[in-house]
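In what follows, a structure is listed as structure tokens, so that the remarks can point back to it.
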Amino acid sequence: MKLIRPRSFFAVICNLITVILSTISVLGFILYTGEGNMSGQGVTAFRYFTVDSNILAALSCLAILPFNLKSLATGKYKLPKWAVVFKYIGTTAITVTFLTVICFLGPMQGFDLMFTGNNLYMYLICPVLCLFSLLLCESGAKISFWQGLSGVLPNIIYGVLYFYFVVIAEIWPDFYGFNYNGMWALSVAAMFVGSFIISLLMTVLYNSFGKLFK
């Protein structure tokens, strides 16, 4: 395994920064108010996939961090499979957030709105840090096709909840615009297919970088 200590060092830095920035962003939302395209305060923060995916990613970074530190200290690759898969799921979820902003929300609502205040951390910096650490610093274990599909689960769960609260119960506003002109079915299908493709690409990238560093 090549460059174990340098890779472990950067993994520690990236994971620590992700945990800190995500914590600051989520607490800021809960205690004060959302910024940019996200409004509300308190528990309303959890209705946004952006917030949920950042929490999941931060938890996955926190879970793998002790093993990063162990690899840094010993110079041996010591990342258990469950921690890698958990980090993969968190990174895939936050990557969906990042790509949704870049490809959909940013062009529709304006990138200035997307990257204002703490949104810059949740929409851009934390996703990039997670991708960098997972692919370049924590690759080595092989992720199977079925393990790769686990990256779709957060999006499926959230999609079902979003559909219920926006379309059926009409409790949440359609803040992502997925029901624009009543086209919720197309939007949901596009999100699920997009999430599936992203998960497959993440699996291929992770395994490819793992071979590169062996």
Side-chain angles (χ1 to χ4, degrees), residues 7-26 48-69 71-72 77-105 114-115 118-159 191-213:
R7 292 171 69 207
S8 298
F9 172 78
F10 284 111
V12 168
I13 298 300
C14 289
N15 287 327
L16 273 176
I17 293 175
T18 299
V19 170
I20 291 170
L21 293 183
S22 293
T23 301
I24 290 172
S25 301
V26 173
Y48 295 100
F49 185 75
T50 299
V51 174
D52 299 334
S53 63
N54 269 265
I55 292 173
L56 180 62
L59 289 174
S60 70
C61 290
L62 198 60
I64 205 170
L65 186 57
F67 304 105
N68 295 143
L69 290 168
S71 294
L72 178 61
Y77 184 84
K78 293 291 184 180
L79 305 181
K81 191 64 171 291
W82 69 264
V84 171
V85 173
F86 187 20
K87 177 66 180 288
Y88 165 84
I89 294 172
T91 301
T92 301
I94 206 173
T95 299
V96 170
T97 292
F98 170 70
L99 292 177
T100 301
V101 168
I102 296 300
C103 301
F104 181 68
L105 296 178
M114 296 297 107
F115 297 141
N118 288 337
N119 285 10
L120 178 65
Y121 304 147
M122 292 190 286
Y123 282 145
L124 181 62
I125 295 178
C126 289
V128 170
L129 288 174
C130 284
L131 279 168
F132 178 87
S133 59
L134 178 71
L135 298 179
L136 295 180
C137 303
E138 294 160 343
S139 53
K142 182 177 176 58
I143 292 179
S144 69
F145 172 79
W146 296 111
Q147 289 169 335
L149 283 183
S150 63
V152 182
L153 290 177
N155 305 93
I156 292 177
I157 294 169
Y158 182 82
M191 282 300 297
F192 285 172
V193 171
S195 299
F196 175 74
I197 293 173
I198 291 169
S199 293
L200 289 181
L201 288 175
M202 288 285 292
T203 302
V204 171
L205 286 172
Y206 179 85
N207 290 335
S208 297
F209 277 105
K211 291 179 182 178
L212 178 66
F213 285 108

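Taken from CG in Asn155 to CZ in Phe196, the straight-line distance is 12.5 Å, to the nearest 0.5 Å. Expressed to the nearest 0.5 Å, how far CZ of Phe49 lies from CD1 of Ile157 amounts to 10.0 Å. Rounding to the nearest 0.5 Å gives a distance of 11.5 Å between CZ of Phe67 and OH of Tyr77. The OG1 atom of Thr95 sits 7.5 Å away from atom CD1 of Ile198, with the distance rounded to the nearest 0.5 Å. Residue Leu131 holds its CG atom at 11.5 Å from SG of Cys126, rounded to the nearest 0.5 Å. To the nearest 0.5 Å, the span separating CG on Asn54 from CG on Leu59 amounts to 10.5 Å.
In this structure a side-chain-to-backbone donor-acceptor pair under 3.5 Å is present from Asn207 to Ile143. Of the possible donor and acceptor atoms, none in the side chain of Asn15 sits under 3.5 Å from a partner among the backbone N and O of Leu65.
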Query raised in the report: Between Arg7 and Ser139, does a side-chain hydrogen bond (donor to acceptor under 3.5 Å, both in side chains) hold up when you go through it step by step?
Result: CA-CA 10 Å; Arg7 292 171 69 207; Ser139 53; 3.0 Å; yes
Requested in this report: Could you please spell out the steps behind the side-chain hydrogen bond (donor to acceptor under 3.5 Å, both in side chains) verdict for Thr203 and Tyr88?
Outcome: CA-CA 8 Å; Thr203 302; Tyr88 165 84; 2.9 Å; yes
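With a 4.5 Å cut-off on side-chain heavy atoms, Ile102 and Met114 do not count as touching. Side-chain atoms of Ile13 and Phe9, non-hydrogen and from C-beta on, do get closer than 4.5 Å to each other. Side-chain atoms of Tyr123 and Thr50, non-hydrogen and from C-beta on, do get closer than 4.5 Å to each other. Taking the side chain as every heavy atom from C-beta outward, Leu56 and Phe86 approach each other to under 4.5 Å. The closest side-chain heavy-atom distance from Ser53 to Val96 is not below 4.5 Å. A 4.5 Å side-chain heavy-atom check between Val84 and Glu138 finds every atom pair outside the cut-off. Considering only heavy atoms from C-beta on, Ile89 comes within 4.5 Å of Pro154 through its side chain. Contact check for Cys130 versus Leu134: no side-chain heavy atoms found under the 4.5 Å cut-off.
Residue-environment remark: CZ (Phe10) stays at or below the threshold of 12 foreign heavy atoms within 6.0 Å. Around CZ of Phe115, the count of heavy atoms belonging to other residues, nucleotides or ligands within 6.0 Å exceeds 12.
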Side-chain donor-acceptor pairs under 3.5 Å in residues 16-23, sequence neighbours left out?
| residue | atom | partner | partner atom | Å |
| --- | --- | --- | --- | --- |
| Thr18 | OG1 | Cys14 | O | 2.8 |
| Ser22 | OG | Thr18 | O | 2.9 |
| Thr23 | OG1 | Val19 | O | 2.7 |

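Between Gly90 and Ala57, the shortest heavy-atom distance links the atoms O-CB, 3.7 Å.
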